Amino acid sequence: MSREEAFLELAELAKTAARANLAYYNDDDPVISDATYDHMKRRILALELQFPNLKSEDSPTDQIGAPVNSGFGKIKHAARMLSLGNAFEDEEVWEFDASVRKFLGLGSEELAYSVEPKIDGLSLSLRYEGGVLKQAATRGDGAVGEDVTKNALEIPSIPHLLNVGHDAPWLEWIRSSQSIFEVRGEVYMSHLDLESTNLEQSAKGLKPYKNPRNAAAGSLRQLNPAVTRRRKLSFFAYAWGETSSAFAQTQMDAINNFELLDFSTNPLTKLCKSVEAMIAQYRKIETQRATLGYDIDGVVYKVNDLDLQRRLGFRSTTPRWAIAHKFPAELAWTTLDAIDIQVGRTGALSPVARLKPVTVGGVVVSNATLHNEDYIAGRGNKGETIRGGKDIRTGDWVQVYRAGDVIPKVADVDLSKRAATAQPYEFPHICPDCGSEAIREEGDAVRRCTGGLICPAQAVEKLKHFVSRGAFDIDGLGAKQVEQFYKDGWVREPADIFTLCTRFGSGLQQLKNRDGWGDISAASLFDAIDDKRKIPLHRLIFGLGIRHVGEQVSKLLATHFSTWAAFESALTRAEIGAGGEWDDLLNIDGVGAVLAQSAITTLQQDGERASIDRLVAQLDVQPAEKPASDSPVAGKTVVFTGSLEKMTRAEAKARAESLGAKVAGSVSAKTDLLVAGPGAGSKENKAADLGIETIDEDGWLSLIGDA
Ligand code: IVH
């Protein structure tokens, strides 16, 4: 090879490597596989060795490590970062207010809420120690986020130092060098800044960002903080995490106090004292939406009184004291090219509309869910008519909509544009993947493949679910890879993942030579798998992919049972509808009969169970952490009876559970404590017979420190 040829090839390779790095780090959207990247680097190295003078100063071979990690450190949030429940209709706002009142035992007295625009960016938690910004973390999965401190320091509206130079009593403690103050809010990019960012992207031959939210996320998650600085991000403060002392009595005070400390807060924030006023403010903000200069996707209502917020507390992922009222979904018309059937991990046959790509609210949509066969036929869940009874056919002109982050749906069909030859869609009664019969059980809207473990689609979907983010989340083993391993017959069920190394380790070469795998990725895959042998109980439960058992329910189950042994033995022994373990399951707040039945069936089905046992044999399952274990009621089983005067039953139960207690409906030998209010009857007698400690409401409040 001549020097000239080497020069040209090196230049070409350097360009490709730079493009690959940008795509990987900037856009979270890799354009080449690890293997190709490794191969390319080896080629560059070889050429540089042969022609040392041609090595450029910024050669990719001098950059350390292959880009296999996200590159950001992890930060565990001192207080979890939660999301919000959604309301779309006014009616749901009334229901929200009613549920708040019911929980607190309020009548029709005045109850104030703050109304704030819902900024469409990404949330960020800023930790100030002694008034100095020490850490900034993205939300991540709510418990652990990414460390973006250096980048946050480049956002002009984020103070590096809190401004404590005012005269307010609550500022006293913030001034102390020990003070902890976590401010939370939204990082966003204005429309103007998006325009200039995209101009810059295009000038560099890079893809423009599709919307301000992606641009904000991409710009904050930069390994080079100088890029973040150029991108001009902004920040609105609206919430807080850990604070060493109280700093406000109401949400509105909190927002005013953020201003004092030098944060920006949203000027459209307003206090409203009735649901009518809240909805009026929502409408007002909606009319201003287009001229704000940044994206908002709704408004957020928050109970103003922080004491009430504390009493209302949280459900598993959302506060009871706040809700987002979203703006109506965006709509667009397009053609439905085909209806495909996807088989899910539980065998559900889900029809998907393949659409001619169309932009709906800034995002290109090419698929929409069609739910099930009734939906396609124009019938709702209860057999009622939907879309005026219009069915959906291939070739139809359909209106699609997107509400928030949810999967797009088909809202309407234009019958005047339907071809005379169009035929009603015939929903398959045979699984398109394994050919087994697909049946629809009485009362179920969904038709399911009966193939079980023999159905490849179900098996692959189960595996994909198993490696997904909330489950085992194995680095380097995503949906694509498990699909490939399944096709090759290397991995048929989750347990096989953990025996991959013993079966193929010596033949690492085999994996290395595969398309998409390089030296580094193959070696680190086995490490990543080994890493996940030690797995928290809730991730294992979620990973099993039991129908109706989502991430939150898995956490509830894990906290309730604590260990795999306890979980497994209860579900193995439980009989559907037969007291004992069954009642114990239903007693968990958030677990209903359908869910319980599904979990029991899964653990008692021979084939399924054997596969689970093979998996667990490979693992070291970590018991669930008990929440708030320093509370005197943590781990205790408590029963409330009689009437409570200072709080509603729902509040008492929620509070007890947040302190790590189990709340049961009836007294048994397992009960540790009975809280009896006036009018307590047989339960109090039974507790006395069993020698169970009984206290009244005041006794309870002083026990848990709420008196
Ligand atoms: S409060 C515990 N207020 O919306 C509740 N969130 O859908 C914490 N958001 O994760 C959130 N504007 O990223 C709150 N004024 C606002 C908001 C807001 C935007 C985002 C935030 C949150 C998401 C929930």
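For the single chain, residues carry numbers from 1 onward in sequence order. Being a predicted model, the structure only gives us computed values, none of them experimental. Numbering of ligands and ligand atoms starts at 1, following listing order.
- A search for side-chain contact (heavy atoms from CB on, under 4.5 Å) contacts involving Ala479 returns Lys464, not counting sequence neighbours.
- Ion pairing between Asp307 and Arg311 fails under the 4.0 Å rule for side-chain N and carboxylate O.
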Could you pull out every N or O of ligand 1 that sits under 3.5 Å from a protein N or O, with the distance for each pair?
unit_1: ligand 1; atom_1: 3 (N); unit_2: Lys302; atom_2: NZ; d: 3.0
unit_1: ligand 1; atom_1: 4 (O); unit_2: Lys118; atom_2: NZ; d: 3.2
unit_1: ligand 1; atom_1: 7 (O); unit_2: Lys118; atom_2: NZ; d: 3.3
unit_1: ligand 1; atom_1: 9 (N); unit_2: Tyr238; atom_2: OH; d: 3.4
unit_1: ligand 1; atom_1: 10 (O); unit_2: Arg139; atom_2: NH1; d: 2.9
unit_1: ligand 1; atom_1: 12 (N); unit_2: Ile119; atom_2: N; d: 3.1
unit_1: ligand 1; atom_1: 13 (O); unit_2: Ser123; atom_2: OG; d: 3.4
unit_1: ligand 1; atom_1: 13 (O); unit_2: Glu186; atom_2: OE1; d: 2.8
unit_1: ligand 1; atom_1: 13 (O); unit_2: Glu186; atom_2: OE2; d: 3.3
unit_1: ligand 1; atom_1: 13 (O); unit_2: Tyr238; atom_2: OH; d: 3.4
unit_1: ligand 1; atom_1: 15 (N); unit_2: Glu116; atom_2: OE1; d: 2.8
unit_1: ligand 1; atom_1: 15 (N); unit_2: Pro117; atom_2: O; d: 3.4

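- One side chain, Thr265 or Glu259, offers a donor N or O that lies under 3.5 Å from an acceptor on the other.
- Under the 3.5 Å distance criterion, with hydrogens and angles disregarded, a donor-acceptor pair is assigned to the side chains of Ser190 and Asp193.
- Considering Arg229, Arg230, Arg231 in turn, Arg229 is the only one that fulfils the side chain to side chain donor-acceptor pair (under 3.5 Å) rule with Glu154.
- Under a 3.5 Å cut-off, the side chain of Gln251 and the backbone N or O of Tyr238 do form a donor-acceptor pair.
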